[in-house]
Structures are given as C-alpha cells and as structure tokens.
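All remarks here apply to the structure that follows.
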Amino acid sequence: MLDLDTVRTHPRRVQEALRAKGTGSPDLVDTLLEVDETRRRAITELQEAQARQNDLSQQIGTLKREGKDAEAEAIIEQTSALKETIKRLEDEVQAAEEKQEALVLKLPNLPHPSVPVGTDEDDNEVEETFGEKPAFDFEPAPHWDLAARHALVDLERGAKVTGSGFPFYLGKGARLQRALLNFFLDRARERGYTEMQAPLFVNPESAKGTGQLPDKDDLMYDIPRDDFYPIPTAEVPVTNFHRDEILSADDLPRQYCTYSPCWRREAGSYGADVRGLNRLHQFDKVELVRIVHPDESYRALDELLADAESALDALGLPYRRLLMCTGDMGFTQAKVYDLEVWSAAQERWLEVSSVSNFEAFQARRMQIRYRPEPEAKPELVHTLNGSGLAFPRVLAALLENNQQPDGSIELPEALHPYTGFARIGRDE
RNA sequence: GGAGGGGUGACCGAGUGGUCGAAGGUGCUCGCCUGGAAAGCGAGUGUGCCGUUUUCGCGGUACCGAGGGUUCGAAUCCCUCCCCCUCCGCCA
C-alpha cells in the first residue's frame, strides 16, 4: 500500500509507476484524489458536529447534577437534529473511506529508480552469470527421466492421491529433500537468521498484509469453511509475525528463516515447461525474511541476495542473476532480483529464488513500525524476503547437471554430510 | 464439541452511564542528588485521522478485542462475532 501523502504530493510519479508496471489505469490516481477530497470534507464536517454534540452533552450532565432538569430537557430536545446529522455524516465518511481503501489497494508499489523500465520478461537484465555449465559427451537425460529411473519422485501416484502437481518423493529422493531442508536452514542460521516454524494456513488479514489479497487471490488455495488460506509462500506468516506491532530501534533488524511447504494454484499454466518438477502445486522452500530500518533496506537487499547466491555456490550449480524490469516485477515490490539455475538437460534457466525489497509497502498494510528514539513517533519499517531456496528446481538441476555416463548422479560434496550418501544409482 | 472465566495504554492493573485517553504501579525519557552507580526526589511519557502552522507546536475528533445497538452522553448497558485461560470430551 502506498502512502496517501505520496499520492497527493506526487500524483505523476504514481501514474508513471502504474504505467511502468502495466497495472491498472492512470485514471485511478485522479479518482482516488477526488474521493480523498470528499472524504476529508466529510470528516471535517462530522468532527465539527461531534464537537457540538460533546459540548451539549457536557452541559446536560452539569445541569442534571445541579438538579436543573427542566433546562437539561430543553437542551436534549435540541440534540435530535444534530444526532441525525452525525449519523448521515458518519455514513458518508464510511462510504468514502471504503471507496478510498479499495482504490489505494489497487496502486502498486513504486519501482526503485535503479529498476529498468520494460514490459515483460524479455526486458529483464541479466546482471551476472556464475559457474560453468556442464559439458557432456553423451545425451543428458532430463530430470524426470532420472527421477523415474532411480525412483526418486512419483508424480503419477501423487496425481492419483491428490491431483497433478502433488508429488511423492521416495527413497533417496525423499532423503535428498530432507538434506536440502537442513542444508539451507543451517546455512541461513549461520548467516544470522533466526529459525522459525510458522503456521501453514493464514487468515485473510495476513494474506492482505503481504499483498496476496485482494489482487492475487487466484494464486492461493482457500478453505472457505474456516476462512483460511494454505500459504503460497512462508513470506506470508513470517512477515505477518510482527503485524500491528511497534518495535524499538534495538529490535531491528529482524532476520528469520523458515522451511515450509508452499501451495500454489498456478491457474493457467500449461505446456512443456511444467513437466516433472518444473512447476508444482505443492513444493518445499526455505524462505528468508528481513525486517529492517528504512535506511538499511537496500544494503539488506544486497546481503539477502548474497545469502541466496551463496547457497547455489555451495551446491556448485551454475546460475544467473536477473534484475527484473518494471513490467515483470510484482505489484508489491520496489526492486526484485531473480536467481535462475541452469538445467543442463532441458537447457533452460529455472527460477529458484526471487529476492525482493518491498520498502514500506507491506509494512504500511501490516502496520509494522519501529520507534527511532525512545520518545519519538513510530515509523514504518522496510520488509524484504527471498527464497533460500525453492527445492524442486534445485533438485532438478542437481540431477541433470551431475548425471554420469552410466546414469548415476554424483552429489556435491557440501550435501554429503546431510544426505549420508554421495551418489544416486550406484553402490546401492 | 460442552461448561465457566476473561480481553483496558510498552507491561501489570483499577475503573458498572457524564468532569475518563482513562487511577495506581512497572518500564522508559529528562532533571536533581552522587566521586561514580544504585536507591531516593521532581517532571514528562499512547496511536490514527481532520484542520492549522515555514520549524517546535496548537486545536478538534476517534480509539479501552472487532462490529452493530440503546442513550442527549458508553471502557461501563444490550446483541453478534473473534481471541485467550480453566475444566470436561475427543485426539497426533
């Protein structure tokens, strides 16, 4: 959510953001400012009426205490018209506030000046590529073939039991998942994150806080009977942990890491890119969340990026870093990097992490504030998050990139203490 | 799921219709005291919104879990919902 004051003072900047992100119409800003005008006028009128009412009520109280009931009655008679006025103005204010709230929620975050302007993924900037793509003197198999050959993943039975995109992992596949979980969490903890286990369902208020509602509601599954949403990312419960709180300056920064499954409806996805583990309805992820002082958030973004990248480095996977353009970044973000891992058999880059600075956009919705000095007015914090990392595509890349001529898979050394085995498909 | 108790400021905790944004305490800030500290003493210390103001600020209004209602007037009375605690039931 944007600050109304920003919209009032820099309407053109907001309109530019709407255009750059390709969301909503620029008229939104004008409509919003009109509603704001109406709202403020109504509030002023209402408060004047309330002041009169308070004054009269106080007089009545005084008169009654002095036993001057007749005089009190005379004043009470005057109040009935005022009562109606107040009722009417209250309704007006409420209507205007609701209208305004709905409009404000449609305004996306302003992109940071360093973000390239663009319309779609083709305009994202490849900032840097890391590691060497593996070369094979045989035809490398895609991960779904490798997973089937070694019985690591069973999508068919997952589809039977639940539906497509809900995999079973078994044997070394399951153990590898568990190894990734511990590997990522241990690394995050060593890098200064507090480990957390979060609820996997959230209420609508939380989904609104991080920006999944109202605009991205078809991303999530929902449980209408109890008014819950299975989380599409642990960002939602973890960031909402501090919702409606005023932290002291000493409490900042807060850094949390958590493992969770994530559920996404992925409505409208289809085609060859969804094969195997490329796109699932349920997947596992370690998420990193930072809540920081506003002056620190871009330094924190760099650190967060380094945290995510270091995990890929440790796994020896080739990857590249993309700076997302205005048209391809999300509604809530001010600046986003994507990390994409090289998938050697598919010969594609697969997104395994998205690292974002939301500045105060989420914090304003969630009312997460901090007090700069003991007696000072509270101010909004900045929030950031990044995957560290998403499992399925990491798994896909591990299988594809590390496959051997005999079809076995050599795992990177960093994982050995976690898996308890060094390879898949030999010495079994 | 059943029965009972309860949700008040950063925290604890008074307050059952008017002068209550709310006693008292703790914490915190500033000052006094001290060689320094503790203790003690004094003053201050909520948030949002609207208006006003070049700054400090000032005026108004709302907020005592949420939403509705009664009343000239609600933290206080009534209704609905949410959450927490205790006991019972069920259960990993």
Side-chain angles (χ1 to χ4, degrees), chain A residues 1-9 32-105 197 199-209 213 223-229 237 240-252 254 261 291 360 363-381:
Chain A
M1 192 159 76
L2 286 182
D3 182 15
L4 249 185
D5 209 48
T6 306
V7 186
R8 279 189 209 121
T9 47
L32 175 60
L33 290 178
E34 280 166 33
V35 172
D36 180 47
E37 199 57 41
T38 311
R39 184 190 119 258
R40 286 196 286 170
R41 207 167 36 237
I43 285 177
T44 305
E45 276 184 56
L46 171 63
Q47 293 188 345
E48 280 166 5
Q50 285 171 326
R52 260 178 280 143
Q53 185 187 51
N54 287 343
D55 183 47
L56 292 178
S57 292
Q58 212 159 359
Q59 287 182 37
I60 292 165
T62 309
L63 289 171
K64 288 221 170 172
R65 229 169 300 114
E66 291 168 355
K68 299 173 180 168
D69 282 13
E71 286 176 49
E73 282 304 319
I75 296 178
I76 288 174
E77 278 173 37
Q78 293 176 34
T79 59
S80 66
L82 194 54
K83 248 184 117 173
E84 280 173 36
T85 308
I86 288 173
K87 182 78 194 131
R88 177 177 58 78
L89 288 168
E90 277 176 348
D91 291 345
E92 271 180 40
V93 168
Q94 199 191 340
E97 277 176 351
E98 281 169 11
K99 209 165 159 187
Q100 179 171 309
E101 164 90 352
L103 288 169
V104 170
L105 286 174
Q197 282 199 23
L200 303 179
F201 296 172
V202 293
N203 59 33
E205 200 51 37
S206 296
K208 186 178 152 192
L213 289 179
I223 302 176
R225 181 169 170 180
D226 297 291
D227 214 10
F228 292 144
Y229 297 91
N240 274 280
F241 184 69
H242 289 295
R243 172 148 56 87
D244 295 320
E245 289 183 15
I246 300 173
L247 306 167
S248 80
D250 300 343
D251 291 331
L252 299 177
R254 311 248 58 160
I291 296 175
R364 187 169 294 107
R365 288 191 179 197
M366 283 182 281
Q367 286 299 300
I368 304 179
R369 294 174 291 175
Y370 76 102
R371 213 180 283 283
E373 300 289 332
E375 310 256 321
K377 273 182 89 66
E379 290 175 21
L380 294 166
V381 299

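Below, read A as the first sequence line, B as the second, and so on, with proteins coming before strands; counting in each chain starts at 1. In this text, all values refer to a predicted model and were calculated from it rather than measured experimentally.
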- Query: Taking the same atom, P, in B/rC77 and in B/rG18, what whole-Å distance lies between them?
  - Reply: 12 Å
- Query: Would the number of heavy atoms belonging to other residues, nucleotides or ligands and lying under 6.0 Å from CD of A/Gln197 be above 12?
  - Reply: no
- Item | Check: A/Arg39 and A/Leu4 side chains under 4.5 Å, non-hydrogen atoms | yes
- Item | Base-pairing mate for B/rA92 - Watson-Crick or G-U, with both contacts under 3.5 Å | none
- Message: Using the C1' atom as the point on both nucleotides, what is the distance between B/rC20 and B/rC30, in whole Å?
- Response: 28 Å
- Query: With a 4.0 Å cut-off on heavy atoms, is A/Ser57 in touch with a base, just the backbone sugar-phosphate, or nothing at all?
  - Reply: base
- Task: Indicate yes or no: does A/Arg8 engage A/Asp5 in a salt bridge with an N to O separation below 4.0 Å.
- Result: yes
- Reckon A/Lys377 touches a base, only the sugar-phosphate, or nothing at all at heavy-atom distances under 4.0 Å? sugar-phosphate
- Using the C1' atom as the reference point in each nucleotide, state the distance between B/rA62 and B/rA75 in Å, no decimals. 14 Å
- Item | Within-4.5 Å side-chain heavy-atom neighbours: A/Phe241 and A/Ile291 | no
- Using Watson-Crick or G-U wobble geometry with both distances below 3.5 Å, tell me the partner of B/rU54, or none. none
- Message: Any heavy-atom pair between the side chains of A/Gln50 and A/Glu90 that's under 4.5 Å?
- Response: yes
- Item | Whichever of A/Gln367 and A/Ser80 has its nearest RNA chain B nucleotide further upstream toward 5' | A/Gln367
- In Watson-Crick or G-U wobble terms, both distances under 3.5 Å, what is the partner of B/rC41? B/rG31
- Query: Would A/Leu56 and A/Leu82 satisfy side-chain contact (heavy atoms from CB on, under 4.5 Å), going step by step from the backbone distance to the final call?
  - Reply: CA-CA 10 Å; A/Leu56 292 178; A/Leu82 194 54; 4.0 Å; yes
- Message: Over all strands shown, is A/Arg41 touching base, sugar-phosphate only, or nothing at heavy-atom distances under 4.0 angstrom?
- Response: nothing
- Using Watson-Crick or G-U wobble geometry with both distances below 3.5 Å, tell me the partner of B/rG17, or none. none
- Message: Within a 6.0 Å radius of atom CD on A/Glu84, are there more than 12 heavy atoms belonging to other residues, nucleotides or ligands?
- Response: no
- Please figure out whether A/Pro378 or A/Ala51 has its closest RNA chain B nucleotide nearer the 5' end. A/Pro378
- Report the base-pairing partner of B/rG4 (Watson-Crick or G-U wobble, both distances below 3.5 angstrom), or none. B/rC85
- Going 5' to 3' along RNA chain B, which nucleotides are the first and last within contact of chain A (any atom under 4.0 Å from a heavy atom)? B/rG18 to B/rG73
- Considering Watson-Crick and G-U wobble pairs with both distances under 3.5 Å, what does B/rA62 pair with? B/rU47
- Message: Say we look at B/rA22 and B/rC78: how far apart would their C1' atoms be, to the nearest angstrom?
- Response: 23 Å
- Query: If we take the C1' atom in both B/rG6 and B/rC12, what is their distance in whole Å?
  - Reply: 15 Å
- Classify the nucleic acid contact of A/Arg39 as base, sugar-phosphate or nothing, counting any heavy atom under 4.0 Å across all strands shown. sugar-phosphate
- Query: Which base sits across from B/rU71 as a Watson-Crick or G-U pair, both distances under 3.5 Å?
  - Reply: none
- Query: Heavy-atom distance under 4.5 Å between the side chains of A/Glu92 and A/Leu89, does that happen here?
  - Reply: yes
- Contact class for A/Glu77 (heavy atom, under 4.0 Å): base, sugar-phosphate, or nothing? nothing
- Message: Using the C1' atom as the point on both nucleotides, what is the distance between B/rG9 and B/rG48, in whole Å?
- Response: 14 Å
- Between B/rG65 and B/rU16, how far apart are the P atoms? Round to whole Å, please. 15 Å
- Query: Does any non-hydrogen side-chain atom of A/Ser248 lie less than 4.5 Å from one of A/Asp251?
  - Reply: yes
- Pairing partner (Watson-Crick or G-U wobble, both distances under 3.5 angstrom) of B/rA23: none
- Task: Please state the C1' separation for the pair B/rA92 and B/rA74 - nearest whole angstrom.
- Result: 46 Å
- Task: Pick base, sugar-phosphate or nothing for A/Ile60, based on heavy-atom distances below 4.0 Å to the nucleic acid.
- Result: base
